[in-house]
> 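This is the structure I want to talk about, given as structure tokens.
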Amino acid sequence: MVIIRGHKVNPALVVIDVQNGFVSKGGSYDLLGMETGHYQQVIPKIARLITLCREAGVPIFYTQAVREKSGIDLLTRSHKILPKSREERIRKRPICVRDTWDAAIVDAIKPAPEDHIVVKRRDSAFHDTEIGVWLKSLDVDTLLFCGIDTSICVETSLRDAFNNGYDVILVSDATASGNRKHFESTLEIVKDYYGFVMDIDELSRSLLPAPQKQVQQKNDKQSIKG
């Protein structure tokens with residue numbers, strides 16, 4: 001149990017889709033000619049957030065978006081109407097096929113044995129996955145969201161979490177979008193309708209044990225004086 005902006009909560013961290021296919025050189029997005037620089041730049045921040053949560057005893061859930069090699073679960077199988085750009089990507093190259101390097105979570109934030117991996121086949125972490133049962137078993141009531149893409153799978157998962165009764169926090173500097181306008185729109189939407197938006201520094205002051213908080217506060221004061 002921690003206190004965040006005056007609220008006693010029992011949080012878990014949800015790391016959305018930081019996989020080679022979306023992020024890494026030689027991954028599907030890269031091979032499709034899509035810009036992945038924004039995603040790569042945020043990985044050190046996500047790594048820092050994961051370390052912070054581990055030190056604070058906050059459980060960590062990674063989502064892993066996958067597709068079957070057969071293509072049975074592709075969106076083009078279930079939808080007649082799709083944005084042209086998305087449909088063209090799917091037809092050119094199925095992304096993050098299960099049990100491939102493309103689908104693997106990037107090495108820089110590789111899950112630890114005690115972490116949990118939620119395999120998903122749609123944008124939301126809550127769509128036909130075990131995450132709801134797992135969160136209830138740990139009495140989690142608040143979810144911290146990070147990962148990619150801010151305005152697609154992160155926002156979709158956050159909205160579903162809210163509608164499933166969880167309080168939600170979006171960690172603004174540990175998420176990234178390929179479109180800056182969409183990124184900023186998601187932050188505004190979350191602040192106005194769903195929960196808190198905060199950066200890692202603010203969150204750390206809530207999650208750190210008391211002695212570390214005092215050190216952090218002292219360092220902050222010294223920085224201001226400097």
Side-chain angles (χ1 to χ4, degrees), residues 1-19 22 39 42 46 49-50 53 58-67 73-75 77-83 86 95-96 105 111 115-179 181-200 202-203 206-207:
M1 190 72 68
V2 299
I3 299 176
I4 298 179
R5 292 188 184 175
H7 301 275
K8 288 184 179 179
V9 299
N10 187 31
L13 175 66
V14 184
V15 183
I16 300 288
D17 297 359
V18 189
Q19 298 165 247
F22 302 123
Y39 301 149
V42 81
I46 296 172
L49 177 60
I50 289 169
C53 287
V58 173
I60 300 170
F61 292 79
Y62 290 78
T63 69
Q64 185 177 22
V66 302
R67 299 290 180 266
D73 51 1
L74 292 175
L75 289 171
R77 292 289 186 104
S78 56
H79 289 269
K80 295 182 179 68
I81 300 171
L82 282 172
R86 194 170 197 180
I95 298 165
C96 295
I105 295 164
D115 298 332
H116 314 281
I117 298 176
V118 179
V119 175
K120 68 184 184 71
R121 298 172 188 276
R122 292 296 182 260
D123 292 346
S124 174
F126 285 83
H127 183 82
D128 287 342
T129 72
E130 305 92 342
I131 193 169
V133 174
W134 293 352
L135 293 171
K136 286 179 182 177
S137 75
L138 298 175
D139 294 322
V140 168
D141 57 24
T142 301
L143 297 180
L144 315 172
F145 282 92
C146 70
I148 60 174
D149 183 291
T150 311
S151 61
I152 307 171
C153 293
V154 175
E155 183 176 336
T156 302
S157 298
L158 182 146
R159 285 173 181 251
D160 276 359
F162 178 87
N163 287 313
N164 275 280
Y166 295 94
D167 288 317
V168 295
I169 297 171
L170 179 59
V171 187
S172 58
D173 52 350
T175 182
S177 175
N179 184 307
K181 182 175 70 174
H182 293 172
F183 172 84
E184 292 172 353
S185 176
T186 292
L187 266 57
E188 288 301 317
I189 288 168
V190 173
K191 282 191 288 188
D192 288 348
Y193 293 100
Y194 295 106
F196 292 153
V197 174
M198 59 180 63
D199 61 20
I200 297 172
E202 181 183 358
L203 184 62
S206 297
L207 297 182

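Note that these values count all heavy atoms, side chains included, but never hydrogens, waters or copies made by symmetry.
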> Enumerate, atom names and distances included, each donor-acceptor pair closer than 3.5 Å involving a side-chain atom of residues 131-141, sequence neighbours excluded.
from   : atom 1 : to     : atom 2 : distance (Å)
Ser137 : OG     : Trp134 : O      : 2.6
Asp141 : OD1    : Asn10  : N      : 2.8

> Given Val2 and Val9, is the side chain to side chain contact (heavy atoms under 4.5 Å, CB included) satisfied, shown in steps?
CA-CA 6 Å; Val2 299; Val9 299; 3.8 Å; yes
> Is it the case that the side chain of Lys120 and the backbone of Asp123 share a donor-acceptor pair, with hydrogens and angles ignored and the cut-off at 3.5 Å?
yes
> Name every donor-acceptor pair, under 3.5 Å, that has one atom in a side chain of residues 144-151 and the other anywhere in the protein, sequence neighbours excluded.
from   : atom 1 : to     : atom 2 : distance (Å)
Asp149 : OD1    : Ser151 : N      : 3.1
Asp149 : OD1    : Ser151 : OG     : 3.1
Asp149 : OD1    : Ser177 : OG     : 3.1
Asp149 : OD2    : Tyr39  : OH     : 2.5
Asp149 : OD2    : Gly178 : N      : 3.0
Thr150 : OG1    : Thr175 : OG1    : 2.7
Thr150 : OG1    : Ala176 : N      : 3.1
Thr150 : OG1    : Ala176 : O      : 3.0
Thr150 : OG1    : Ser177 : N      : 3.4

> Could you pull out the closest heavy-atom pair between Ile117 and Gln64, with the gap in Å?
CG2-OE1, 3.6 Å
> Identify the heavy atoms of Val14 and Leu143 that sit nearest to each other, and give their distance.
CG2-CD2, 4.1 Å
> Going by atom types only, do Thr63 and Asp17 share a side-chain donor-acceptor pair under 3.5 Å?
yes
> State the OG1-NE2 distance between Thr142 and His7, to the nearest 0.5 angstrom.
9.5 Å
> Determine whether a donor-acceptor pair (N or O, by modelled atom type, separation under 3.5 Å) exists between the side chain of Ser185 and the backbone of Lys181.
no
> Could you grab the distance from atom OH of Tyr166 to atom CG of Asp160, nearest 0.5 Å is fine?
11.5 Å
> Do Gln19 side-chain atoms and Ala65 backbone N/O form a donor-acceptor pair below 3.5 Å?
yes
> Taking ring-ring contact (aromatic ring centres under 6.0 Å, His included) as the definition, give me every residue that meets it alongside Phe22, ordered by chain and number, with sequence neighbours left out.
Tyr29
> Nearest 0.5 angstrom please: Ile16 CD1 to Ile152 CD1, how far?
12.0 Å
> Taking all heavy atoms of Lys191 and all of Val197, pick out the closest pair and write down the distance.
CG-CG2, 3.3 Å
> Rounded to the nearest 0.5 Å, what's the gap from CG on Leu187 to CG on Asp192? Could you check?
10.5 Å
> Which heavy atom of Phe196 sits nearest to which heavy atom of Ile4, and what is that distance?
CE1-O, 4.2 Å
> Heavy atoms only: give me the nearest Phe183-Ser172 pair and the separation to one decimal.
CZ-O, 3.5 Å
> Taking all heavy atoms of Val118 and all of Ala125, pick out the closest pair and write down the distance.
CG1-O, 4.0 Å
> Are Thr186 and Val154 close enough that some pair of their side-chain heavy atoms sits under 4.5 Å apart?
no
> Can you label the angle between the Phe162 ring and the Tyr194 ring as parallel, tilted or perpendicular, going by 30° and 60°?
perpendicular
> Measuring from Glu155:CD to Ile189:CD1, what's the distance to the nearest 0.5 Å?
4.5 Å
> To the nearest 0.5 angstrom, please state how far the CG atom of Asp173 sits from the CD atom of Glu202.
10.5 Å
> Any heavy-atom pair between the side chains of Asp128 and Arg121 that's under 4.5 Å?
no
